[in-house]
Amino acid sequence: MITTLKSELNPQQYEAVTTIDRPLLIIAGAGSGKTRVITQRIAYMLSRGVHQQHILALTFTNKAAREMQDRVKAITGKRLTQLTVSTFHAFGVQILRSYSQRLGYRDHFSIYDTVDQVSLLKETAREISFRLEEEDPKTILGLFSDLRTGRRVWDADTERYHHLFTDYRSHLKLYNSVDFDDLILLPIELFENHADILEAVRGRYRYILVDEFQDTSTKQYMFIKYIADGNRNICVVGDDDQSIYSWRGANFGNISQYEKDYPELLEVRLEQNYRSTTTILEAANGVIRNNTNRKDKHLWTGDDSGTAIEVYYPNDEREEAAFIAERIAETRLKDHLKYEDFGVLIRTNALSRAIEEAFLAANLPYRITGGTSFFDRKEIRDCISYMRLAANHDDDMSLLRILNTPRRGIGRKTLEGLTDVARSRNCSLFSAIHLVCRPEDSSMNDRVKRDLTGFTDLIERYRERFLKSKRDLAAALTELVAEVDYWAYIVSEHQTNEKIAKWKYRNIELFIESLRNWERDPDNLDPGLFQWLNRISLQGRDDNQNETDSGQINLMTIHAAKGLEHEMVFLAGVEDGIIPHRRAIEEDPANIEEERRLFYVALTRAKRKLMITSCRTRSVMREISTMEPSPFLQEIPAHLMTAHEPSAPIQTNEAVDYFSLVRARLNNR
DNA sequence: GTTCCGTTTTTTTTT
DNA sequence: AAAACGGAAC
């Protein structure tokens, strides 16, 4: 095995893979075989007798975690069920799940996403009469997050939120729920206050690998450092040029902190790019060179120069999308590529719409990752809320969602009454319902009591049903949906549009189907209500259709594309205001550097061929605006690009046919 | 007290 | 275009 390794890897890679007895810092430029090194390193450790359960590999996105897991399995040919490859947040959940009682949480907590957090914030504000008008709840939540993670301290400007903050936190606790920050902060708290837990965790995870280290936040680093300090065997891999999550607290200063914390470390630099042609690499270097705050690197490639980057200026986003679809169809046949060899990258999720429509019209199979996901649709959130409330009766945000959905005749006044009881008794709404429904309590009339009891009975019955079901949650959920007659509810909500009603119902069916696939999967060793809820709260992403090579075009945001590569990459919407994004610049002009890194990441996803499109006009919030090409385009050395001549404009009657075709397809989904 | 209907607002990136 | 909100109708 060692000889094979030596011939397959360059000297730096080899050193990184085979050094497994001390801290390691791998500075890995784009396309330098970073993922390969990590996966080979895990395989190497296994071959040297390290037990899989002692290895912990952390990544940033679920996509990256899945990819890494798959690749390690492919290299070793083993199932590796004890190996932990996970995102930071999922790993945090794993720790919390074992020890949450020590922090005063009851058996199974709910995980609140942004939507839940916003409604909780609004609810809290209402209770303490904090005037939320004119304020953006998300900004306030961002502030709370900054305060908790130490990125900001209480001062004169923020003091007025103090009460709101305290109440928000205590509500969350009362509801036996945690938010995303908690998934990192609470484990730290556990480690700080419970030596036995820290010891147990250190005993289990003795070899630690962290991918995309430049994107870790200060607290995430602290989290992992607690564990790593047990055995001082940690390997981090990062590239400051690819730090694109600072808006979420990523701190690439962690790299220098790491050097201080582990002075005995070995630093390995991977600077040979194996991914892209010289043209693409030169273009990327030309761009990133304009950033001031970076470690200088000497990325090089032995590859040939490849073909020029093509830049095309369509008139609007429809033309852009049609162009991309056409080029993919054409290139696939001409260059014998597969659909999955194409990546279409966009700055914002909103940009996907026109492109999706064009793919549907052209009958091209595609897969979209990220974005307002399936799991954010109202009907799906409702289903999830039923399940969450069954799992955790104290989850008030879920209860509020479904208490009167479908309509049960429980309205504002009843709810106000319940809220008052809950507040005065310091209990959840579910417990408040039990209190007011006692025969001796006369605060509610009998009809209301009957409706409320009907609701709690339903939830309690299905809790039993869900917990008892062995690999058949799907059937239980189907029953639940039927029992509450969600179908009738949808129909009555959409009396004017039967198609929408059908489509929503279909979504529920798809949701149940994905649940069934998940629990029937033989590789899934531990299916159950809580596991399912964990899973979907941490990755409201596309349901796991045959992951990597499913023969589909990959459409995604640049953020989601990090760590991936494609033979041919289309970069759409390369316009000023989109990349760099207007809001990012408005927020702080210094953000231009992060936007540039984002552009750099996008460029370096391409292996052989890169196409850039920049629309002349675009509909932005139902207005047509004139767009200018992104200033970043100027930073690519001109000799690497050729302008693509626009094809003949689409004839009017042709365009009409095209629209009706698209419409028909969308409706049939 | 609950439901319906018209008006307003929304779009940066992810766990 | 769709969801979220707030006021009027039932």
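Chain letters run A, B, ... following the sequence lines, proteins first and then strands; every chain starts at 1.
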If you look at every strand shown and take non-hydrogen atoms under 4.0 Å, does [X] touch a base, only sugar-phosphate, or nothing?
X: A:Glu587; result: base
X: A:Phe88; result: nothing
X: A:Thr114; result: base

Go through the side-chain N and O atoms of A:Asn507 and A:Glu379 and say whether any donor and acceptor fall under 3.5 Å apart.
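The answer is yes; a qualifying pair exists.
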Do A:Ser217 and A:Gln220 get their side chains close enough for a donor-acceptor pair, meaning under 3.5 Å?
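A donor-acceptor contact under 3.5 Å links the two side chains.
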Taking only N/O atoms, report every protein-nucleotides 4-8 of chain B pair under 3.5 Å with atom names and distance.
{"from": "B:dC4", "atom 1": "OP2", "to": "A:Arg407", "atom 2": "NH1", "distance (Å)": "3.1"}

Side-chain donor/acceptor of [X] to backbone N/O of [Y], under 3.5 Å:
X: A:Trp247; Y: A:Ile244; value: yes
X: A:Ser98; Y: A:Gln94; value: yes
X: A:Asn291; Y: A:Ile288; value: no
X: A:Asn392; Y: A:Tyr175; value: yes
X: A:Ser246; Y: A:Gly249; value: no
X: A:Glu320; Y: A:Pro314; value: no

Please give, in whole Å, the distance from [N] [atom2] to [X] [atom1]?
X: A:Arg408; N: B:dT2; atom1: CZ; atom2: P; value: 14 Å
X: A:Glu317; N: B:dT11; atom1: CD; atom2: P; value: 18 Å
X: A:Gln242; N: B:dT13; atom1: CD; atom2: C1'; value: 16 Å
X: A:Ile578; N: B:dT11; atom1: CD1; atom2: P; value: 16 Å
X: A:Glu357; N: C:dA1; atom1: CD; atom2: P; value: 10 Å
X: A:Leu141; N: B:dT15; atom1: CG; atom2: C1'; value: 14 Å
X: A:Ile410; N: B:dG1; atom1: CD1; atom2: P; value: 14 Å
X: A:Tyr112; N: B:dT15; atom1: OH; atom2: C1'; value: 17 Å

Closer to the 5' end of DNA chain B via nearest nucleotide, is it A:Arg347 or A:Lys413?
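Closest to the 5' end, via its nearest nucleotide, is A:Lys413.
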Would you mind telling me which residue lines up with the more 5' stretch of DNA chain B, A:Ala90 or A:Asn591, judged by nearest nucleotide?
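Final value for this comparison: A:Asn591.
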With the side chain of [X] defined as its heavy atoms from C-beta on, choose the nearest nucleotide among [options].
X: A:Arg248; options: B:dT15, C:dA3, B:dT13; answer: B:dT15
X: A:Tyr245; options: B:dT15, B:dT11, B:dT14; answer: B:dT14
X: A:Ala350; options: B:dT14, B:dT2, B:dT11; answer: B:dT11

Identify the pairs formed between an N or O of the protein and an N or O of nucleotides 5-8 of chain C at a distance under 3.5 Å, and give each distance.
{"from": "C:dC5", "atom 1": "OP1", "to": "A:Lys122", "atom 2": "NZ", "distance (Å)": "2.5"}

Within less than 4.0 Å of OP1 or OP2 of [N], is there a side-chain N or O belonging to [X]?
X: A:Asn404; N: B:dT2; result: no
X: A:Ser537; N: B:dT15; result: no
X: A:Asn349; N: B:dT14; result: yes
X: A:Asn62; N: B:dT14; result: no
X: A:Thr414; N: B:dT2; result: yes

State the dot-bracket string of DNA chain B. Criteria: Watson-Crick or G-U wobble, both atom distances under 3.5 angstrom; notation: ( ) intrastrand, [ ] crossing earlier pairs, | interstrand, . unpaired.
||||||||||.....
Any residue meeting salt bridge (charged side-chain N to carboxylate O under 4.0 Å, His left out) with A:Arg408, in chain and number order, not counting sequence neighbours:
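A:Arg408 satisfies salt bridge (charged side-chain N to carboxylate O under 4.0 Å, His left out) with no residue once adjacent residues are dropped.
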Using the ring-ring contact (aromatic ring centres under 6.0 Å, His included) criterion, which residues pair with A:Tyr221? Sequence neighbours excluded.
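Here the qualifying residues are A:Phe213.
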All ring-ring contact (aromatic ring centres under 6.0 Å, His included) counterparts of A:Phe530, not counting sequence neighbours:
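A:Phe530 satisfies ring-ring contact (aromatic ring centres under 6.0 Å, His included) with A:His108 once adjacent residues are dropped.
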Do the ring centers of A:Phe165 and A:Tyr168 come within less than 6.0 Å of each other?
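No: the rings miss the under 6.0 Å criterion.
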Taking the six-membered ring for Trp and the full ring for Phe, Tyr or His, determine whether the centres of A:Phe91 and A:Phe223 are under 6.0 Å apart.
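Under 6.0 Å, so yes.
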Determine if A:Phe60 stacks with B:dT15; use a centre-to-centre distance below 5.5 Å and an interplanar angle below 30° as the criteria.
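No, A:Phe60 does not stack on the base of B:dT15.
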